[in-house]
Amino acid sequence: MGLTCFVPLLLLSFIAGCAARPIYPLPSKLDGKRQPLQTSRPFNIAHRGSNGELPEETAAAYMRAIEEGTDFIETDILSSKDGVLICHHDVILDNTTDIAKHKEFENRRKTYEVQGVNMTGFFVVDFTMKELKKLGATQRYSFRDQQYNGKFPIITFEEFISIALDAPRVVGIYPEIKNPVFINQHVKWSDGKKFEDKFVEILKKYGYGGPYMSKQWLKQPLFIQSFAPTSLVYTSKLIDSPKVFLIDDITVLTEDTNQSYSEITSDAYLDYIKDYVVGIGPWKDTIVPVVNNYLQTPTDLVARAHARDLQVHPYTYRNENSFLHFNFHQDPYQEYDYWLNKIGVDGLFTDFTGSLHTFQELTSPQSKDQGDDNGRASKLLHKIAAMISSYGKV
């Protein structure tokens with residue numbers, strides 16, 4: 001082993017000795033039982049898995065997020081042509097799979113109307129599950145690691161659930177009923193049921209249910225999310241699990257009710273929707289407006305939601321400079337600090353689960369209360385980890 005390899009290892013050994021815990025403290029089994037979901041701080045929600053590192057919505061991305069300490073793994077649920085529910089964000093396959101390499105599918109490109117706009121591409125609803133399994137997932141952003149492109153397949157909703165249930169600790173799931181209007185238009189089930197019915201059937205098959213913080217919920221935590229309010233109202237009649245109403249940019253109308261941002265964030269609408277959901281999931285730039293990449297004065301949306309006992313889980317937090325507003329000086333920890341401690345949200349959707357987990361561990365009351373020696377060790381941990389990161393880039 002050369003000196004260049006020895007130095008970082010020596011530093012890591014030193015850190016472990018000082019802090020008496022690994023550099024990334026991860027939950028694990030305790031006394032043969034699965035460690036419960038933490039409920040003492042805002043939730044760390046792995047947006048499409050740890051997709052800052054691995055292709056989104058793949059088993060590898062979800063397993064990595066669990067390893068890094070996420071509270072919930074998040075996914076988008078769509079349907080294949082033959083009615084199998086799958087984990088995939090876009091209704092087209094063009095942006096996050098290697099379908100362009102599959103010449104056998106080159107005649108499948110079509111144009112459909114999606115949320116009032118004509119879209120052309122390879123649509124998931126035109127492929128059977130067997131065909132979809134032939135594709136490999138790819139990174140959405142070119143500036144992220146491309147070495148795993150094509151190596152992991154699209155997974156089903158049931159496979160996603162099994163990843164959470166097989167975790168060494170309790171990990172929640174946070175599935176979205178994605179584009180329900182489009183799916184119900186193009187996919188028909190033989191029993192005459194709707195997309196939302198099939199979605200709930202799978203959840204119940206694997207034992208999910210129960211109100212927020214109930215014994216059943218804590219055993220198998222679940223948030224159901226959707227941008228379509230009618231889907232949330234409909235599923236509330238089928239399952240009593242907590243639901244979160246997603247809110248898009250101020251320019252986007254709801255896909256099912258054609259309502260504006262101002263309508264669905266009004267006091268009257270929040271009073272209505274609170275009977276069906278436990279929280280809202282807004283695009284973060286609608287909570288704190290941005291002009292020329294600088295944050296402006298925060299709106300009162302969080303305060304108005306909290307006044308109605310609604311949680312607020314904004315999206316999406318990403319480490320890269322191209323996504324960080326100038327106020328945070330290229331430091332994602334500053335962004336986490338701002339949203340968790342100044343704005344006071346109840347959970348964050350992040351592409352970088354490990355970063356959020358580390359930030360919360362280093363700033364948690366438990367870390368601060370460990371005494372002077374361990375407190376200094378935690379600060380030293382943070383500083384040396386940054387040194388090692390910089391060292392690797394030289």
Side-chain angles (χ1 to χ4, degrees), residues 26-28 34-54 56-77 87 89 155 157-178 199 202-203 206-214 216-227 232 235 239 241-246 277-282 284 310-318 336 339-340 345-361:
L26 302 176
S28 60
R34 296 210 306 168
Q35 182 173 328
L37 178 76
Q38 73 78 23
T39 57
S40 62
R41 65 191 185 195
F43 292 127
N44 181 332
I45 306 161
H47 181 243
R48 309 177 203 168
S50 187
N51 83 87
E53 301 176 58
L54 293 156
E56 64 183 51
E57 315 240 12
T58 60
Y62 291 122
M63 293 172 70
R64 177 60 174 156
I66 292 171
E67 178 187 3
E68 292 178 326
T70 192
D71 299 316
F72 287 83
I73 51 174
E74 187 266 353
T75 191
D76 306 274
I77 303 302
C87 298
H89 180 269
I155 63 173
F157 190 15
E158 295 191 62
E159 288 170 335
F160 167 82
I161 288 172
S162 72
I163 293 170
L165 295 181
D166 289 343
R169 57 186 173 83
V170 174
V171 174
I173 62 171
Y174 208 129
E176 179 184 345
I177 303 171
K178 192 74 175 177
F199 179 94
I202 290 176
L203 291 172
Y206 288 90
Y208 285 93
Y212 181 62
M213 286 296 176
S214 65
Q216 183 182 6
W217 187 88
L218 288 169
K219 183 179 179 181
Q220 293 182 213
L222 161 70
F223 286 110
I224 296 171
Q225 55 171 332
S226 185
F227 286 98
L232 295 172
T235 55
I239 190 169
S241 298
K243 299 161 190 71
V244 174
F245 177 40
L246 299 176
V277 304
V278 300
I280 58 174
K284 63 181 180 179
L310 291 171
Q311 296 187 39
V312 181
H313 300 170
Y315 64 94
T316 304
Y317 296 82
R318 299 176 169 111
Y336 292 143
W339 284 93
L340 295 174
V345 298
D346 308 290
L348 299 177
F349 288 80
T350 177
D351 285 4
F352 293 89
T353 303
S355 295
L356 177 54
H357 180 72
T358 301
F359 173 80
Q360 288 184 300
E361 286 290 296

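When reading the values below, keep in mind they use all heavy atoms of this one structure, side chains included, and skip hydrogens, waters and symmetry mates. Nothing fancy with the numbering, it's 1 onward along the sequence.
Nearest heavy atoms, Leu232 versus Lys243: O-CD, 3.7 Å. Minimum interatomic distance between Leu218 and Val170 (heavy atoms only, all atoms of both residues): O-CG1, 3.7 Å. Taking all atoms of both residues into account, the shortest heavy-atom contact from Ser241 to Gly209 is OG-CA, 3.2 Å. Considering every non-hydrogen atom in both Gly210 and Pro242, the closest pair reads O-CD, 3.7 Å. Between Met213 and Thr39, the shortest heavy-atom contact is CE-CG2, 3.4 Å. In terms of heavy atoms, Leu222 sits closest to Pro175 at CD1-CD, 3.5 Å.
You'll find the side chain of Phe227 reaches within 4.5 Å of the side chain of Lys178, heavy atoms only. Side-chain contact between Val277 and Val244 is absent, with no heavy atoms from C-beta onward closer than 4.5 Å. Side-chain contact between Tyr208 and Leu165 is present, with heavy atoms from C-beta onward closer than 4.5 Å. For the pair Thr75/Ile155, no side-chain contact is recorded, criterion being any heavy-atom separation below 4.5 Å from C-beta on. You'll find the side chain of Gln225 stays beyond 4.5 Å of the side chain of Tyr315, heavy atoms only. Side-chain contact between Asp71 and Pro42 is absent, with no heavy atoms from C-beta onward closer than 4.5 Å. Taking the side chain as every heavy atom from C-beta outward, Phe72 and Leu37 approach each other to under 4.5 Å. Here the side chains of Val171 and Ile163 are not in contact, with every heavy-atom distance at 4.5 Å or above.
Remark: the backbone N or O of Arg48 is paired with a side-chain donor or acceptor of Glu74 at under 3.5 angstrom. Although no hydrogens or angles enter the test, the distance criterion places no donor-acceptor pair under 3.5 Å between the side chain of Gln311 and the main chain of Gly279. A donor-acceptor pair under 3.5 Å links the side-chain atoms of Arg34 to the main chain of Ala167, judged by distance alone. In this structure, the side chain of Asp346 does not engage the main chain of His313 through any donor-acceptor pair within 3.5 Å. For the pair Arg64 (side chain) and Gly354 (backbone), a donor-acceptor distance under 3.5 Å is absent. Looking at Ser226, its side chain does come within 3.5 Å of a backbone N or O of Ile177 through a donor-acceptor pair.
Residues that satisfy the side-chain contact (heavy atoms from CB on, under 4.5 Å) test with Ala61, not counting sequence neighbours, are Leu54, Thr58. Considering only residues two or more places apart in sequence or on other chains, Val345 meets the side-chain contact (heavy atoms from CB on, under 4.5 Å) condition with Val302, Val312, Pro314, Trp339, Leu340, Ile343, Leu348. Under the rule for a salt bridge (charged side-chain N to carboxylate O under 4.0 Å, His left out), the partners of Asp351 that lie at least two apart in sequence or sit in another chain are Arg144, Arg318.
Atom SG of residue Cys87 and atom OH of residue Tyr62 lie 5.0 Å apart, to the nearest 0.5 angstrom. Taking OG1 of Thr353 as the reference point, atom CD of Glu68 lies at 5.5 Å (rounded to 0.5 Å). Expressed to the nearest 0.5 Å, how far OG1 of Thr350 lies from OH of Tyr317 amounts to 9.5 Å. Between the CD1 atom in Ile45 and the CZ atom in Phe349 there is a gap of 4.5 Å [rounded to 0.5 Å]. If you take CD1 on Ile239 and CD1 on Ile224, they are separated by 5.0 Å, rounding to the nearest 0.5 Å. A distance of 12.0 Å separates OG in Ser50 from CD1 in Ile73, rounded to the nearest 0.5 Å.
Using modelled atom types and a 3.5 Å distance limit, the side chains of Gln220 and Tyr206 yield no donor-acceptor pair. Using a 3.5 Å distance cut-off with no hydrogens or angles, the side chains of Asn51 and Glu57 do not pair a donor with an acceptor.
The ring of Tyr174 has its center no closer than 6.0 angstrom to the ring center of Phe43.
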- Task: I would like to know whether Glu361 and Arg41 meet salt bridge (Lys or Arg N to Asp or Glu O under 4.0 Å); could you show each step before the answer?
- Result: CA-CA 10 Å; Glu361 286 290 296; Arg41 65 191 185 195; 3.1 Å; yes
